Amino acid sequence: MRTVLITAFEPFGQDTENAAALVCEHLLDSGPGYRVLKRILPVEFVAAREALLSYMDEIRPDLVLCLGQAAGRSEITPERTAVNLMDAKIPDNAGWMPDEVPIFLEGPAAYFTNVPVKSVVQAAREAGYPAALSNSAGTYVCNCVFYSLMNRIAYTPSNEATPPLWGDFIHIPYIKEQKGVENAPLSLKQATETVRFLLEAIIKQMDSHNQFF
Ligand code: PCA
């Protein structure tokens, strides 16, 4: 049984609800071979990163999927790349608006997700789900959380007894049921089912990669 940590965010900016939190709330708590634990992160650069890492210490997941809202998008977009940069156009919920600040001074410029994201997205599209691969999680709080997640994974040793920890970030567009939002591209049901398909496709990939553990 795999343990999956799914995080989403509080509302931010002009919005009174966050699409990612709605999807997170509607995901089932378990499925074939996995159970899901859900946590909501603050939309604050420093506090979100600390909250994610402490939830990972508490839950010790096998897979971490962080969900966030991306207003301009029309599909569910798993992210490929996290960059070592905080560069905000609006203040975070703590009032901080970093201008070209690195996340970790000594960190690499970028990390890739260790989820085979291209094939997982392709499988979702072939099954008719509205998913597309994204190469940039932006430079706001979502990217900061994604970079911090991949940095933690980079420093989490795996060996014959401990299978590798997997992680990715998935951006969610506006949702039709979301309060105060017009012309949203997806319904809550479509978005939730797409995320569930992606989650289960990732678990299948983990099963085939980790068959020796
Ligand atoms: N989206 C923002 C931060 C929180 C959220 O849901 C982002 O894309 O950075």
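Positions are given from 1, in the same order as the sequence printed here. Excluded from the calculations below are hydrogen atoms, water molecules and symmetry mates; all remaining heavy atoms, backbone and side chain alike, are included. Only a predicted model underlies this, so the values are computations on that prediction, with no experimental measurement involved. Just so you know, ligand 1 is whichever comes first in the structure, and atom 1 is the first atom listed for that ligand.
- Near Cys142, with a cut-off below 4.0 Å to any heavy atom, the atoms of ligand 1 are 1 (N), 2 (C), 3 (C), 4 (C), 5 (C), 7 (C), 8 (O), 9 (O).
- Within the 4.5 Å cutoff, side-chain heavy atoms of Thr192 are placed close to those of Leu27.
- Cation-pi check for Arg39 over Tyr55 is met; the charged atom lies under 6.0 angstrom from the ring centroid and within 45 degrees of its normal.
- Those atoms of ligand 1 with a heavy atom of Asn18 less than 4.0 angstrom away are 5 (C), 6 (O).
- The pair Glu193-Lys189 meets the salt-bridge criterion, since a charged nitrogen lies less than 4.0 angstrom from a carboxylate oxygen.
- Annotation for ligand 1: atoms under 4.0 Å from non-hydrogen atoms of Gly68 are 6 (O).
- Those atoms of ligand 1 that come under 4.0 Å of a heavy atom in Tyr140, given as number and element, are 2 (C), 3 (C), 7 (C), 9 (O).
- More than 12 heavy atoms of other shown residues, nucleotides or ligands fall within 6.0 angstrom of atom CZ in Phe104.
- Between Phe45 and Tyr140, the ring centre distance stays below 6.0 Å.
- Within ligand 1, the atoms closer than 4.0 Å to a non-hydrogen atom of His171 are 7 (C), 8 (O), numbered from 1 in the order shown.
- Across the listed options Glu10, Gln69, Glu44, Gln69 owns the non-hydrogen atom lying nearest to atom 6 (O) of ligand 1.
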